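Presented below is the structure to which this report refers.
All of these numbers come straight from a predicted model, not from anything done at the bench.
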Amino acid sequence: MGAISLLISTATISLASLSAMAEQTRQSTYDDRPMACAVFYRALARAYEDTGDAAISDQYMAKSKILYEQGVANVLAVGGTREQARKATQNFADIIEEMAISKPEAVPSLVAMCQREYP
């Protein structure tokens with residue numbers, strides 16, 4: 001379960017950073033929550049896969065894929081490219097990982113947001 005906690009923690013950092021990045025680069029409304037939660041759910045899928053629970057892993061991976069596509073659509077809607085969406089996703093993954101290590105107390109807010117917005 002330590003891997004799950006680490007992955008969840010990491011998710012919160014990237015959410016904050018992408019929001020700031022989106023505000024700096026675009027005047028249009030940009031919603032980065034799907035992308036942040038896609039990364040979070042993908043991390044959970046991998047953690048459950050590592051523990052041997054394929055059924056739960058598959059459920060989280062399905063959520064991740066749906067939210068990733070929604071995140072890509074959001075990037076495209078504000079004039080971005082698929083490459084920018086891919087880079088944003090990697091940025092979220094990096095930030096979430098760092099957050100899990102350096103600010104684990106921030107993880108519960110990401111978890112709550114993802115569970116509330118994308119159950």
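Taking all atoms of both residues into account, the shortest heavy-atom contact from D31 to N74 is O-ND2, 2.9 Å. Taking all atoms of both residues into account, the shortest heavy-atom contact from P104 to S102 is CD-C, 3.5 Å. Residues L67 and P34 approach most closely at CB-O, 3.4 Å, considering heavy atoms. Of all heavy-atom pairs spanning S57 and E49, the tightest one is OG-CB, 3.5 Å.
In this structure, NZ on K87 lies 15.5 Å from CZ on R82, to the nearest 0.5 angstrom. To the nearest 0.5 Å, atoms OG (S64) and CE (M35) are separated by 10.0 Å. The CG atom of N91 lies 12.5 Å from the CD atom of Q84; values are rounded to the nearest 0.5 Å.
Contact annotation: the side chain of K63 never approaches that of I66 to less than 4.5 Å [non-hydrogen atoms, C-beta and beyond]. At a threshold of 4.5 Å between non-hydrogen side-chain atoms, the residues T89 and V39 count as touching. Counting heavy atoms from C-beta outward, R42 and Y60 have side chains that stay 4.5 Å or more apart. Residues D58 and Y48 form no side-chain contact, since every pair of their non-hydrogen atoms from C-beta on lies 4.5 Å or further apart.
The pair E83-R86 meets the salt-bridge criterion, since a charged nitrogen lies less than 4.0 angstrom from a carboxylate oxygen.
M113 is connected to V111 through a chain of hydrophobic side-chain contacts under 4.5 Å among Ile, Leu, Val, Met, Phe, Trp and Tyr, so both are in one cluster.
Heavy-atom neighbours of R116 CZ from other residues, nucleotides or ligands within 6.0 Å: above the threshold of 12.
In this structure, the side chain of Y118 does not engage the main chain of Y41 through any donor-acceptor pair within 3.5 Å.
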Margin query: Before you tell me yes or no, could you show the steps for D94 and Q90 under side-chain hydrogen bond (donor to acceptor under 3.5 Å, both in side chains), namely the whole-Å CA-CA distance, both residues' side-chain angles and the distance that decides it to 0.1 Å?
Written below: CA-CA 6 Å; D94 294 345; Q90 184 58 53; 2.8 Å; yes
